[in-house]
Trainee: 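Got a structure for you, written out below as structure tokens; questions coming shortly.
Lettering of chains follows the sequences in order, A, B, ..., and the numbering in each one begins at 1.
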Amino acid sequence: MKQKERAKKNYFKCIAQILFMLMVAVIPLLITNTYYLGNIVLIGIYSIVVIGLCLLMGYAGQVSLGHAAFYGLGAYGSGLLTVNWGWEPLPAMLAAALITALVAYVIGASTLKLREHYLALATLGAGVIVYIFFNEQVNLTGGPSGFSGIPYFTIGGWVFSSEVSYYYLVWFFVFVAVVFARNVVDSRIGRALRALHGSELAAACMGVPAYKYKIQVFVVSAVYGSVAGSLYAHYVTFISPSPFGFQASVEFVLMAAIGGLASIWGPLFGVAAVLMLTELLRAVVPILLPTAGGEFEIIFFGLILVAVMIFMPGGLTGGVKDWWVRRSHAASPGTVTDPDKAPEDILPSAGSGRLSK
Amino acid sequence: MHINELMQFLLTGLTLGGIYALIALGFVTIYTVTGHINFTQGEFVMLGALITASMVKGGTGLWAAIIASILLVGLFGALFERAVIYPARNSPVVTVIIITIGFSVAVRGVALLIWGTQSYPLPSFSSGEPLYVLGATMNKQSVWVLCLSLLAVSLLFAFFERTVMGKALKACAINRVAARLMGISPQRMSLFCFTLSAMLGALAGIVITPTTTATYDMGLMLGLKGFVAAVLGGLTSTTGAVLGGFLLGILEAMGAGLISSGYKDAISFLILLLVLLKRPEGLLGKPDGKRV
């Protein structure tokens, strides 16, 4: 019975992945407007950051308040290496990821041993420092006005200069990010981290090296941010410090929270929802409040973040899924349920060893 | 390096430090009693400053405006605790951190809507020539900042040591379960300490406004600095928070004067990182193990 269910689940998972790939492949044929296509490229880039953040938040139970800094290190690393030192984009991206991984390791190595919120505080501090560094190193980074002339992404002789080719490049990376994240989640590390979620003490007694796994997940999540940053730099070919500040870090957390923390597809949904809501609010609010200026849409984002964290700590996808599970269980009382399970535990259903669709 | 210059940096640092100490005390009060880190603290600072500045602009007397503003922000803190913190009181620490950050973002947005992006001045609390201390100048407002923050700190100490309410708060901080068995309601204490911290934050915002003017986004940096000061003092000690505040103010003023003013904020956060990495219990705190 159980095996049959699992086979069925894997089958659906396969179908979902194929459908996803088909959808990604078809979109540029349907949407020819470069503005919309550009937005979808951005959704892909942010999704990579947020998938990494979800790994950290959903599985290691830690939050980073400085993920925009890792994203920025990737962008500036790629930009500087290609413009100033004439590197090829691909090795530049790898070098930037390596530097980011080192930075993350130094931050995580000491703070992950301590209480759960110390990593949040340390990443917050590191994020502000990196942001100030981008602003103040005028000779290197161009300061607040940034620098331009970053080449298009190239692999071998192939140049990704058109919107459509870049779209495919970014979504290829998103796909790799999803598959890699799923493998992490399904691996020994993922199982161990889920055990930690249940009871850290019990997991530690069973010999789970909590600290080692947490730091690995943190470094992986920082590298996700860095790779996304590199893709961003080669896409817009101009970077300034403003998209890499504290506000951006908070927005990444918002996207992760809305999408659902312990989920791999959730981030795509969260990023798309936040970006679309931004566009909508920018269109609607000036009609309702003509005098309002500036980035007032942050009011809504702040309130949404508060509401989601209070009422659906598993995020929107988690909340909906939880509701669905409860509903179907109520409909068929014969199914085995664990009434003690918190919503977050239902999502990564322990029996199947898988986390989500 | 001239000795007068050093003296000048020291005085600037002390003034800044007084502000940071007030904000840090808010963080520490909330953390010790409820175990939460409240990143909305900076918005209390901003609200205090902007409400006072608007009232004075509207013709209210300075001191009446100050008192009214502190009370209003205190009320806001209480409402915030009931509406946002109370429903999430059993969530993990990290979730509450995200909630307070989300709320602070929303408050900042509302402030932007009400007050716009311009800066609001506030007159100095008293006019007159600046004082000269060992060859360095110190304007009257700095004296006010120092005196008022020291006064607030001593009142707070007296409150914790001499009143039943203060002792109840302390009891709650030491052992919540035991406090509850003695008939102290942790939830009422939580409400009370959020109100108190909001009022402390508002005071900090008001006293700094005559020197820096008030803007809708002033709370972000000031709140974070106050937090660094609190961590420097170990997050659980009021004495530590005050010392941390002054130490941070002085280090920052020295760093800005001797190294580079652009890196002034980076210095504070570098201190935060170093403390977290090397001495997470703070300068005064006792080392403690991780809660499992």
Trainee: How many angstroms lie between CG in A:L124 and CG in B:L224, if you round to the nearest 0.5 Å?
Mentor: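 Spacing of CG (A:L124) from CG (B:L224) equals 5.5 Å.
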Trainee: With rounding to the nearest 0.5 angstrom, report the CG to CZ distance, A:L121 to B:F269.
Mentor: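 A:L121 CG to B:F269 CZ: 11.0 Å, rounded to 0.5 Å.
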Trainee: Counting only heavy atoms closer than 4.5 Å, note whether A:L254 contacts chain B via side chain, backbone, both or neither.
Mentor: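 Contact with chain B is absent: no heavy atom of A:L254 under 4.5 Å.
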Trainee: With the side chain counted from C-beta on, respond yes when B:K264 and A:I132 share a heavy-atom pair under 4.5 Å apart, and no when they do not.
Mentor: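 The answer is no; the side chains never approach within 4.5 Å.
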Trainee: Measure distances from B:I37 to the heavy atoms of chain A and classify the residue's part below 4.5 Å as side chain, backbone, both or neither.
Mentor: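 Just its side chain gets close to chain A.
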Trainee: Report which part of B:Y216 has an atom under 4.5 Å of a heavy atom belonging to chain A: side chain, backbone, both, or neither.
Mentor: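 Neither part.
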Trainee: Of all heavy-atom pairs between A:I299 and B:V110, which one has the smallest distance, and what is that distance?
Mentor: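 Looks like CG1-N, 3.6 Å.
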Trainee: Is the count of non-hydrogen atoms from other residues, nucleotides or ligands lying under 6.0 Å from A:F269 atom CZ greater than 12?
Mentor: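 Incorrect, the count does not exceed 12.
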Trainee: Report yes if some heavy atom in the side chain of B:F39 is under 4.5 Å from a heavy atom in the side chain of A:V250; otherwise report no.
Mentor: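 Sidechains of A:V250 and B:F39: no contact.
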Trainee: Can you name the one residue among B:V96, B:V84, B:I101, B:I98 that meets side-chain contact (heavy atoms from CB on, under 4.5 Å) with A:M309?
Mentor: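 Exactly one candidate clears the test, B:I98.
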Trainee: So which part of B:I97 gets closer than 4.5 Å to some heavy atom of chain A, the side chain, the backbone, both or neither?
Mentor: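 The side chain, not the backbone.
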Trainee: So for atom CZ, which belongs to B:R188, do other residues, nucleotides or ligands contribute more than 12 heavy atoms lying within a distance under 6.0 Å?
Mentor: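 Incorrect, the count does not exceed 12.
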Trainee: Got a sec: does the OH of A:Y211 have more than 12 other heavy atoms crowding it under 6.0 Å?
Mentor: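 Counting neighbours around OH of A:Y211, more than 12 heavy atoms of other residues, nucleotides or ligands fall under 6.0 Å, so yes.
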Trainee: Between B:I99 and chain A, which part of the residue has a heavy atom less than 4.5 Å away: side chain, backbone, both or neither?
Mentor: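 Both backbone and side chain.
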Trainee: Show, in sequence, the C-alpha distance, side-chain angles and deciding distance for A:Q247 and B:L220, and conclude whether the side chain to side chain contact (heavy atoms under 4.5 Å, CB included) test is met.
Mentor: CA-CA 10 Å; A:Q247 190 83 35; B:L220 179 63; 5.6 Å; no
Trainee: At their closest point, which heavy atom of A:I310 faces which heavy atom of B:P87, and how far apart are they?
Mentor: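 It is CG2-CB, 3.9 Å.
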Trainee: Counting only non-hydrogen atoms closer than 4.5 Å, does B:L276 touch chain A with its backbone (N, CA, C, O), its side chain (CB onward), both, or neither?
Mentor: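 Both backbone and side chain of B:L276 come within 4.5 Å of chain A.
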Trainee: Name the region of A:F311, side chain, backbone, both or neither, that has any atom closer than 4.5 Å to a heavy atom of chain B.
Mentor: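 For A:F311, neither part sits under 4.5 Å from chain B.
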